[in-house]
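Scope of the values below: all heavy atoms of this structure, side chains included, with no hydrogens, waters or symmetry mates. Order of the sequence lines sets the chain letters (A, B, ...), proteins ahead of strands, with each chain counted from 1.
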Amino acid sequence: MVRVRFAPSPTGMLHVGALRDALFKSLFAQREGGQNVFRIEDTDRSRYNADSESEFVETLRWVGIEFDEGPHIGGPFAPYRQSERKEAGIYAPLAEELMARGHAYKAFETSAELDEMREFQQINKMPTGYFGGAWRDATPEQVDAAQAEGKPFVIRQRIPRDTKIVIDDVVRGRIEWDSNTVDDPVLIKADGMPTYHFAAMVDDHLMQITHILRGEEWISSAPKHALLFDAFGWERPIFCHCPVIVGSDGKKLSKRHGATRVLDYMAQGFFPHALKNFIALIGWSPGDDREAMTMPELIGAFELKGIQASPGRFDFEKLRWLNGNLIRSLTPQDILDAILELLDHPHAQAYWENFVDEPMPNQVPVDGKVVWSRLELIRTKFAEDPELVLAAIREEQPRVHTLVEFGEAVEFFLVDQPVMDEKAVSKWLTQPHVPALFAAIVANPPAPDLPEADIRNHYDAVLRAFAADNGFDKLGPVVHPTRVALTGKTVGPGLFELMAILGPERIAARLAKWL
RNA sequence: GCUCUGGUCGUCUAGCGGUUAGGACAUCGCCCUCUCACGGCGAAGAUCGCGGGUUCGAAUCCCGUCCGGAGUACCA
């Protein structure tokens, strides 16, 4: 039975890199019919953030990644928080056992002494790290004496000397180290808390984790971890070090590459599936040309051998394409539901209320409050005229990449008078035939109670007739002014389609000021 | 510095000794057309980081080299 674990440290928000981690594990577990465990690695008191765990749970729930066991759902290996496991006395006896077997020892250096040692190593261009210090080979008497003085101590792992350490990584194959280059890591800190090196490996064994999937930043400490399993006489899990996601400049993903917080993508109107589909494709491929995939397809195709060794860049444009692609496959009702859900999400509102756009040369900065109010207009208008809102969404679907973009795209359908693009006004509404054109449109409303398609054809005929009667051989001169007067813009859905949706009353009201 | 690790179109990738090096995003053009999109078609874009080998034949195997990245904490 395959068992994997997603074990973040609750120090802040759930970012894109962690999502990749969680997603790969989830896909792998599902593909193999295995289990996915959620564990909280809160062994660092100083970095602990009380809101972090709930953010993780909320984000994972939004994105649709589920677990079989975890602190929020329980399970046979509870507790799933390492701080609680420490209180339950899980780690200390195992550290004792390791010392009894000679694989660990107490070290009494102060952090000041350690700093000094590191500085010395750096100055002398030596490898930095604890390769023995004063305590690796201390006699029992020395240890007893130090302890009798009440000196604080840590427990360190005793890495064997003059040997080769080999691990077999699923992604990179055989990796080996000269054990003399691996220093003795701290297993138990002076406050009695285990370090990651100890707690994670102990828990992985105790929780029967079969595959350690994690980011490549862990490769360096993999030999320590492998040795720990060996020291206990435990079977080593399979190591699989995945490539990381980097920003557009090849450096570690950070805020300056756009959002790193997963919930911000929710706030921007991305679908969980688009995000998962996109993230899955960074660092992994199904082995063929498939890109836009359903969840069952992703799960069915997810094999460890499809994982890439090289880091991948986060290409925001491709995410947008995937999301737009998904939007186009949905019904207007699906989309509306998603917009309504977004409007109800407290984080989405907070995101836009506090949104501060980065200043860009010759570009009007985005006003988050305006973005949000446009979205709210969809909800309020839907309450009074659902047909109109759904039709508007249907027409804008091919043009939109995120849910939030519907706010701006659909606005002209919903307001009494659209916001006018002044350049478009001066170009199209100043032409001499415009008043006569608009008068003809207003004078020829469609018959009442016609189906939408017939209204569309009615306006098509009216405009074509006007064009023919006035010597225009193309539709442009009649279509463009009408579009500008009706929508305020030069771009948008087909004119006749949008006229059919607007209906004769709204059309007359909007054309009136140009007659 | 030391240790590990990576390197195919701008980006994500396919490729596993013999391919005109394939696809997707982005870019450009054409078609559709009332605009913008969508969709369709097409173009441009990769001497497979570089240099040596091995081989009849190398992106694919070997060695070296260069350039990235990660780790080098009583953080994870």
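- Nucleic acid contact class of Q121(A) (heavy atoms, under 4.0 Å, all strands): none.
- Regarding contacts with the backbone of rA76(B), a side-chain N or O of T43(A) is found under 4.0 angstrom from either OP1 or OP2.
- Between T43(A) and K86(A), the closest side-chain pair of non-hydrogen atoms is not below 4.5 Å.
- Across all strands, M126(A) comes closer than 4.0 Å to base atoms (heavy-atom distances).
- Backbone-only engagement by K125(A) is indicated by non-hydrogen atom pairs under 4.0 Å involving sugar-phosphate atoms exclusively.
- In this structure, rC9(B) makes no Watson-Crick or G-U wobble pair, since no nucleotide meets both defining distances under 3.5 angstrom.
- At a threshold of 4.0 angstrom between heavy atoms, the contacts of R47(A) include nucleobase atoms, whether or not backbone atoms are also involved.
- If you check every strand for non-hydrogen atoms under 4.0 Å, R320(A) touches nothing.
- Under the Watson-Crick and G-U wobble criteria, each requiring two contacts below 3.5 Å, nucleotide rA70(B) is paired to rU3(B).
- Within 4.0 Å (heavy atoms only), E291(A) reaches at least one base atom of the nucleic acid.
- In the model, R214(A) has a side-chain atom that pairs as donor or acceptor with a side-chain atom of H225(A) under 3.5 Å.
- Between R320(A) and E405(A), at least one side-chain nitrogen of the basic residue sits less than 4.0 Å from a carboxylate oxygen of the acidic one, meeting the salt-bridge criterion.
- Considering only the side chain of V479(A), rC34(B) comes nearest among rG71(B), rC34(B), rU5(B).
- Checking the phosphate oxygens (OP1, OP2) of rU35(B), no side-chain nitrogen or oxygen of R399(A) falls inside 4.0 Å.
- In this structure, R118(A) reaches the sugar-phosphate backbone alone: every heavy-atom distance under 4.0 Å involves primed, P, OP1 or OP2 atoms, never a base.
- The side chain of K189(A) contributes an N or O atom lying less than 4.0 Å from OP1 or OP2 of rA76(B).
- Atoms CD (E109(A)) and C1' (rA73(B)) sit 14 Å apart, rounded to a whole Å.
- Taking the side chain of V491(A) as heavy atoms from C-beta on, and the options rC36(B), rG7(B), rA76(B), the nearest nucleotide is rC36(B).
- Here rG6(B) presents its P atom at 19 Å from CD1 of I282(A), a figure rounded to the nearest Å.
- The phosphate of rC74(B) has neither OP1 nor OP2 within less than 4.0 Å of any side-chain N or O from T195(A).
- Among the atoms of the strands shown, only primed sugar atoms or phosphate atoms (P, OP1, OP2) are found under 4.0 Å from some heavy atom of G287(A).
- Distances shorter than 4.0 Å separate some side-chain N or O of Q308(A) from OP1 or OP2 on rA14(B).
- The separation of rG23(B) from rG7(B), taken at their P atoms, amounts to 22 Å, rounded to a whole angstrom.
- Between the CD atom of Q157(A) and the C1' atom of rA73(B) there is a distance of 16 Å, given to the nearest Å.
- Between the CZ atom in F28(A) and the CD1 atom in I307(A) there is a gap of 8.0 Å [rounded to 0.5 Å].
- Distances from the side chain of L475(A) to the nucleotides rA14(B), rC34(B), rU3(B) place rC34(B) closest.
- For P127(A), the listed nucleotide lying nearest its side chain is rG1(B); candidates were rA76(B), rG1(B), rG39(B).
- When the P atom of rC75(B) is taken as reference, atom NZ of K224(A) falls 13 Å away, rounded to whole Å.
- Of the candidates rU5(B), rC34(B), rA14(B), the closest approach to any side-chain atom of I219(A) belongs to rU5(B).
- Across the C1' atoms, rA58(B) and rA76(B) are found 42 Å apart, a figure rounded to whole Å.
- Considering only side-chain atoms of F496(A), the nucleotide from rC74(B), rU5(B), rC34(B) that sits closest is rC34(B).
- Other residues, nucleotides and ligands contribute more than 12 heavy atoms inside 6.0 Å of the CD atom of E452(A).
- A distance-only check finds no donor-acceptor pair linking the side chain of D421(A) to the backbone of K489(A) [under 3.5 Å].
- In the set rC12(B), rU5(B), rA37(B), rU5(B) carries the atom at the smallest distance from any side-chain atom of E216(A).
- Using a 4.0 Å heavy-atom cutoff across all strands shown, R45(A) reaches no nucleic acid atom at all.
- No side-chain donor-acceptor contact under 3.5 Å links R156(A) to the backbone of Y105(A).
- Here, rG69(B) and rU11(B) have their P atoms 15 Å apart, quoted to the whole Å.
- The residue Q397(A) sits apart from the nucleic acid: no heavy atom pair falls under 4.0 Å.
- When distances run from any side-chain atom of V154(A) to the nucleotides rG7(B), rG71(B), rC74(B), the shortest one goes to rC74(B).
- Residue S310(A) is classed as a sugar-phosphate contact, given heavy-atom separations below 4.0 Å to backbone atoms only.
- Base engagement by E497(A) is indicated by at least one non-hydrogen atom pair under 4.0 Å involving a base atom.
- Within the nucleic acid shown, I175(A) comes within 4.0 Å of sugar-phosphate atoms alone, with no base atom in reach, counting heavy atoms only.
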Q: For D334(A) and T331(A), run side-chain hydrogen bond (donor to acceptor under 3.5 Å, both in side chains): C-alpha distance rounded to whole Å, both residues' side-chain angles, the deciding distance at 0.1 Å, then the answer.
A: CA-CA 5 Å; D334(A) 290 337; T331(A) 67; 3.1 Å; yes
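- Closest to the side chain of D289(A), out of rC2(B), rC74(B), rG22(B), is rG22(B).
- Distance CZ (R214(A)) to C1' (rU5(B)): 14 Å, rounded to an integer number of Å.
- Among the protein residues, T128(A) comes within range of the nucleic acid bases, having at least one heavy atom under 4.0 Å from a base atom.
- Note on R313(A): every side-chain N or O is 4.0 Å or more away from OP1 and OP2 of rU13(B).
- Between rA76(B), rC25(B), rU13(B), one nucleotide has an atom nearer to the side chain of W321(A) than all others, and that is rC25(B).
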